[in-house]
2 protein chains.
Amino acid sequence: MQDGTFPSPDYPEVTAPRRDAGRGDAYARDCPTRALLDRVGDKWSVLILLLLGEGAMRFNGLKRRIGGVSQKMLSQTLRALERDGLLAREVLPTTPVSVTYRITPLGRELLAALRLMIDWAETRMGAVVAAQAAYDAACGRAP
Amino acid sequence: MQDGTFPSPDYPEVTAPRRDAGRGDAYARDCPTRALLDRVGDKWSVLILLLLGEGAMRFNGLKRRIGGVSQKMLSQTLRALERDGLLAREVLPTTPVSVTYRITPLGRELLAALRLMIDWAETRMGAVVAAQAAYDAACGRAP
DNA sequence: CAGCATCCATGACGATACTG
DNA sequence: CAGTATCGTCATGGATGCTG
């Protein structure tokens with residue numbers, strides 16, 4: 001029971017989050033960077049790209065490796081990443097069908113940029129956590 | 001009417017998004033990287049860091065430059081970034097008070113990593129949009 | 001000027017059940 | 001195995017009004 005229109009109720013739009021695009025915002029937010037950050041900021045995309053960076057995987061393989069993702073979110077995120085051209089989906093005509101997901105060159109490019117962020121996080125989030133503790137000590141419950 | 005407990009209803013937690021941290025997730029999601037991606041993925045943080053990268057600014061200055069942010073989100077995001085140690089808040093005792101926000105060295109580090117992502121987006125999001133169009137043409141409404 | 005408090009709409013996400 | 005469909009929840013974030 002589907003009339004065929006494409007975007008399902010919660011289909012993630014990548015190009016334009018459909019804000020007030022008419023306004024002349026000083027710093028436009030429907031720019032490519034915002035779209036990328038939306039994708040990268042969601043819960044599973046980066047995890048999936050990281051895993052597929054190690055090698056191609058099947059649906060349930062990903063599900064097991066991630067462990068904590070619902071199959072709704074997994075398939076939804078995979079479809080979005082495929083649509084973005086960041087990964088490729090191959091259907092092998094076995095019985096039952098097996099589907100393999102593989103990162104594309106474009107996805108690998110993004111992953112490289114992503115890894116710099118990840119490296120920064122792993123070396124410097126300690127400083128961030130320390131700053132948070134200092135902030136909370138000073139303002140949160142000061143005597 | 002506030003009993004003094006710190007986290008307000010919608011206070012952004014950076015360290016742990018309060019998932020099922022008890023589970024032994026194969027790929028833990030309450031890692032520093034996830035926390036960073038949550039911050040970076042929200043709507044205003046990156047924009048604010050970029051603006052403050054150009055120079056210190058006041059509250060309403062930021063609000064004007066961004067144009068589209070509510071002051072709730074602006075102050076909330078600024079407070080979170082300050083708590084993370086990514087920017088500093090200085091109160092000048094003028095009349096009325098003026099408050100200046102300035103990026104910290106830590107914030108500048110993050111901004112540098114961020115800029116690589118932004119550069120990637122600006123050069124390669126064209127390819128992503130093309131992939132989306134191809135995907136939609138093939139699956140969305142194919143004859 | 002620089003915020004905080006409150007209400008409310010949307011939508012992201014998870015749980016569950018069902019299919020080829 | 002690899003999904004789709006549906007429903008409920010809860011957080012995100014915008015609008016509005018008030019304060020020092």
Side-chain angles (χ1 to χ4, degrees), chain A residues 1-14 17-20 23 25 29 34 37-39 41-45 47 57-64 66-80 82 89-101 139, chain B residues 1-14 16-20 23 25 29 34 37-39 41-45 47-48 57-64 66-80 82 89-101 139:
Chain A
M1 52 211 67
Q2 208 34 6
D3 62 314
T5 51
F6 193 52
S8 79
D10 49 358
Y11 186 81
E13 247 342 305
V14 179
R18 178 45 40 95
R19 316 294 181 190
D20 46 272
R23 285 307 321 267
D25 286 344
R29 269 153 41 267
R34 179 95 297 277
L37 291 173
D38 281 344
R39 175 100 1 281
D42 80 36
K43 250 163 108 177
W44 308 111
S45 294
L47 229 30
M57 290 188 80
R58 307 242 304 270
F59 187 88
N60 279 311
L62 281 166
K63 184 151 166 39
R64 266 189 305 276
I66 296 182
V69 67
S70 59
Q71 71 280 62
K72 176 192 168 180
M73 287 318 296
L74 183 54
S75 73
Q76 183 176 301
T77 307
L78 285 170
R79 212 180 321 126
E82 185 198 0
R89 176 176 182 271
E90 311 169 64
V91 181
L92 287 311
T94 58
T95 47
V97 293
S98 56
V99 179
T100 302
Y101 292 93
C139 309
Chain B
M1 51 207 66
Q2 205 40 2
D3 62 316
T5 52
F6 193 53
S8 79
D10 50 356
Y11 187 80
E13 247 342 303
V14 178
R18 180 41 42 93
R19 317 294 182 193
D20 45 273
R23 286 306 321 271
D25 287 344
R29 272 153 38 268
R34 178 95 299 272
L37 290 173
D38 281 344
R39 176 99 2 282
D42 81 33
K43 250 163 107 177
W44 307 110
S45 294
L47 228 30
I48 291 173
M57 288 187 81
R58 307 244 303 270
F59 187 89
N60 280 311
L62 281 166
K63 184 150 167 40
R64 266 189 304 275
I66 295 182
V69 67
S70 59
Q71 73 280 63
K72 175 191 170 182
M73 287 318 297
L74 183 55
S75 73
Q76 184 177 300
T77 307
L78 285 170
R79 212 181 322 124
E82 184 197 0
R89 176 175 182 270
E90 311 168 65
V91 180
L92 287 310
T94 59
T95 47
V97 294
S98 55
V99 179
T100 303
Y101 292 93
C139 308

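Chain A is the first sequence line, chain B the second, and so forth, proteins listed ahead of strands; every chain is numbered from 1. Only this structure's heavy atoms are used, side chains among them; waters, hydrogens and symmetry mates stay out.
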Take atom [atom1] of [X] and atom [atom2] of [N], then tell me their distance rounded to the nearest Å.
X: B/R39; N: D/dT12; atom1: CZ; atom2: P; answer: 10 Å
X: B/F59; N: C/dC4; atom1: CZ; atom2: P; answer: 8 Å
X: B/M73; N: C/dG3; atom1: CE; atom2: P; answer: 15 Å
X: B/D38; N: C/dA12; atom1: CG; atom2: C1'; answer: 13 Å
X: B/Q76; N: C/dT6; atom1: CD; atom2: P; answer: 14 Å
X: B/W44; N: D/dG13; atom1: CH2; atom2: P; answer: 9 Å
X: A/L74; N: C/dC13; atom1: CG; atom2: P; answer: 13 Å
X: A/R64; N: D/dC1; atom1: CZ; atom2: P; answer: 6 Å

Rounded to 10°, the helix from C/dC1-D/dG20 to C/dG20-D/dC1 deviates from straight, judged by its five-pair end axes, by 40°
Closest heavy-atom pair, B/L74 versus B/V69, reported as atoms and distance to 0.1 Å, is N-CG2, 3.7 Å
Minimal heavy-atom distance between A/T77 and A/S45, with the atoms involved, is CG2-OG, 3.5 Å
Here the gap from B/M57 atom CE to B/I48 atom CD1, rounded to the nearest 0.5 Å, amounts to 10.5 Å
Below 4.0 angstrom from OP1 or OP2 of [N], is there any side-chain N or O of [X]?
X: B/R89; N: C/dG3; value: yes
X: A/T94; N: D/dC1; value: no
X: B/Y101; N: C/dC1; value: no
X: A/R58; N: D/dA2; value: yes

Residue set satisfying side chain to side chain contact (heavy atoms under 4.5 Å, CB included) with B/T94, at least two apart, ordered chain then number -> B/L92, B/S98
For [X], enumerate each residue passing the side chain to side chain donor-acceptor pair (under 3.5 Å) test, keeping only those at least two apart in sequence or located in another chain.
X: B/E90; answer: B/R102
X: A/R89; answer: A/Y101
X: A/T100; answer: none

Comparing nearest nucleotides in DNA chain C, the 5'-proximal residue of the pair A/G41, B/V99 is B/V99
Within the side chain of A/K63, is there an N or O that forms a donor-acceptor pair under 3.5 Å with the backbone of A/S70?
no
Reading nucleotides 15-20 of chain D from 5' to 3' and marking B where a protein heavy atom lies under 4.0 Å of the base, S where only the sugar-phosphate is that close, and - otherwise, the string is BBB---
Would you sort out whether A/L78 and A/E82 count as a side-chain contact (heavy atoms from CB on, under 4.5 Å), showing the intermediate values?
CA-CA 6 Å; A/L78 285 170; A/E82 185 198 0; over 6 Å; no
Among C/dA2, D/dG14, D/dA2, the one nearest any side-chain atom of B/S98 is C/dA2
